[in-house]
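These notes are about the structure you will find just below.
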Amino acid sequence: MSLYTMTRSSIRGLLKGMCRPTVTGLENVPRTGPVIIASNHLSFLDSIIIQALTPRDVAFFAKAEYFTTPGLKGKAMKTFFESVGSIPVQRGEQAASVAALESLVDILEAKGGIGIYPEGTRSRDGKLYRGRTGVGWLALSTGAPVVPVGLVGTENLQPAGRNAIKPHHFTLAFGKPLQFEHLGRKHPLPQRRAATDTIVDAIAELTGQERVNAYNQSPAIEE
């Protein structure tokens with residue numbers, strides 16, 4: 001049994017025992033072949049939750065700092081995030097972001113599963129923000145199906161700005177896969193924008209969140 005499988009199984013057991021989540025639409029996740037899991041984002045724990053409860057391996061981005069922090073704490077973080085299949089990415093640098101998206105293409109072309117948040121960062125107010133077009137680019141570049149995901153209540157597990165985690169019921173819903181034309185890496189921006197909007201619309205149907213026609217910003221950018 002791989003470290004990923006053991007970690008995922010342990011987290012799944014904890015979540016089911018302590019939070020008793022409602023999980024629907026598992027039949028919508030393809031068991032084989034490339035797949036893009038596109039979700040709203042309410043909590044630091046969202047990636048871990050999706051990785052534990054999705055019926056196949058899913059790789060998510062994680063801040064590069066989780067892999068480079070020195071000391072015992074840094075080693076523990078690196079081991080954990082590597083064990084759940086996270087991919088380090090340097091936030092806020094365009095060149096690094098482009099390289100990171102290319103790394104996701106490599107996973108999809110190897111028939112793997114990846115997870116992405118179209119909003120880009122967590123929603124601190126619970127609203128659903130406009131999607132950034134990276135998810136549309138991935139869908140059109142690879143032809144991989146996109147499974148929209150709706151999370152409800154995960155912000156209660158670890159509210160923004162707090163370190164403590166408390167058990168709380170949440171809902172995870174997998175929507176029906178969306179299939180877009182396979183256009184390759186070079187395609188018109190309007191098509192990428194349209195694909196992204198379609199994906200975010202599908203997420204909104206699952207969550208019922210209030211929509212915001214603007215990009216969400218991290219606190220660091222806002223400052």
Side-chain angles (χ1 to χ4, degrees), residues 1-8 11 28-41 44 46-69 77-122 131-149 174-175 177-189 191-200 202-203:
M1 183 181 292
S2 69
L3 181 58
Y4 176 93
T5 301
M6 288 189 293
T7 303
R8 178 179 159 207
I11 296 172
N28 292 321
V29 182
R31 297 309 194 265
T32 60
V35 65
I36 300 168
I37 304 295
S39 176
N40 63 321
H41 196 10
F44 165 78
D46 290 344
S47 299
I48 297 169
I49 288 169
I50 293 171
Q51 286 170 315
L53 299 178
T54 300
R56 61 175 293 173
D57 294 358
V58 180
F60 270 93
F61 285 145
K63 291 190 294 186
E65 290 85 349
Y66 296 148
F67 298 82
T68 59
T69 300
M77 284 196 301
K78 181 180 179 181
T79 298
F80 174 78
F81 283 101
E82 287 180 341
S83 74
V84 294
S86 298
I87 303 168
V89 62
Q90 194 69 44
R91 301 292 178 89
E93 295 184 11
Q94 185 173 0
S97 298
V98 172
L101 284 176
E102 287 287 354
S103 71
L104 296 186
V105 170
D106 292 341
I107 294 172
L108 292 169
E109 290 182 342
K111 302 188 183 303
I114 64 99
I116 192 168
Y117 300 114
E119 293 172 277
T121 189
R122 279 180 287 166
R132 298 179 185 275
T133 58
V135 65
W137 183 84
L138 284 169
L140 297 176
S141 295
T142 66
V146 180
V147 175
V149 166
F174 295 93
L178 303 171
Q179 190 70 58
F180 300 93
E181 188 177 359
H182 186 184
L183 300 178
R185 285 171 168 81
K186 295 183 179 180
H187 51 263
L189 177 58
Q191 288 179 279
R192 191 183 315 163
R193 177 78 261 165
T196 299
D197 290 345
T198 297
I199 293 166
V200 176
I203 293 171

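Being a predicted model, the structure only gives us computed values, none of them experimental. Each residue takes its place number in the sequence, starting with 1.
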To the nearest 0.5 Å, tell me how far [X] [atom1] sits from [Y] [atom2].
{"X": "Leu101", "Y": "Trp137", "atom1": "CG", "atom2": "CH2", "result": "6.0 Å"}
{"X": "Phe174", "Y": "Ile37", "atom1": "CZ", "atom2": "CD1", "result": "6.0 Å"}
{"X": "Ile107", "Y": "Ile114", "atom1": "CD1", "atom2": "CD1", "result": "7.5 Å"}
{"X": "Thr7", "Y": "Ile48", "atom1": "OG1", "atom2": "CD1", "result": "10.5 Å"}

Counting only N and O atoms by type, is there a donor-acceptor contact under 3.5 Å from the side chain of Ser103 to the main-chain atoms of Ala100?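 Indeed, once roles are kept as given, a pair shorter than 3.5 Å links the two residues.
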Are the side chain of Thr196 and the backbone of Gly131 linked by a donor-acceptor contact shorter than 3.5 Å?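 No; zero donor-acceptor contacts below 3.5 Å.
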Within the structure provided, determine whether [X] and [Y] are in side-chain contact (heavy-atom separation under 4.5 Å).
{"X": "Pro177", "Y": "Asn28", "answer": "yes"}
{"X": "Thr32", "Y": "Lys111", "answer": "no"}
{"X": "Pro30", "Y": "Val147", "answer": "yes"}

Taking all atoms of both residues into account, what is the closest heavy-atom pair of [X] and [Y], and its distance?
{"X": "Ala202", "Y": "Leu178", "result": "CB-CD1, 4.0 Å"}
{"X": "Val29", "Y": "Arg56", "result": "CG1-CD, 3.9 Å"}
{"X": "Glu119", "Y": "Asn40", "result": "OE1-CA, 3.6 Å"}
{"X": "Ala38", "Y": "Ile203", "result": "O-CD1, 3.5 Å"}
{"X": "Phe60", "Y": "Ile116", "result": "CE2-N, 3.7 Å"}
{"X": "Pro145", "Y": "Pro34", "result": "CD-O, 3.3 Å"}

In chain order, what residues pass the side chain to side chain contact (heavy atoms under 4.5 Å, CB included) check against [X], with sequence neighbours excluded?
{"X": "Ala139", "result": "Ile36, Val146, Phe180"}
{"X": "Leu53", "result": "Arg12, Leu15, Lys16, Pro21, Val23, Ile49, Phe170, Leu172"}
{"X": "Gln191", "result": "Leu140, Leu183, Pro188"}

Stepwise side-chain contact (heavy atoms from CB on, under 4.5 Å) test for Arg8 and Gln51: CA-CA 7 Å; Arg8 178 179 159 207; Gln51 286 170 315; 5.7 Å; no
Apply the side chain to side chain contact (heavy atoms under 4.5 Å, CB included) test between Leu104 and each candidate in Val135, Thr142, Leu138; give the one that qualifies.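 When side chain to side chain contact (heavy atoms under 4.5 Å, CB included) is applied between Leu104 and each of Val135, Thr142, Leu138, only Leu138 qualifies.
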Could I get the full list of salt bridge (Lys or Arg N to Asp or Glu O under 4.0 Å) partners for Glu109, not counting sequence neighbours?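 Here the qualifying residues are Arg185.
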Applying side chain to side chain donor-acceptor pair (under 3.5 Å), name anything that partners [X], two or more places apart in sequence or on another chain.
{"X": "Asp197", "value": "Arg193"}
{"X": "Asp46", "value": "His41, Thr154"}
{"X": "His182", "value": "none"}
{"X": "Ser47", "value": "Tyr117"}

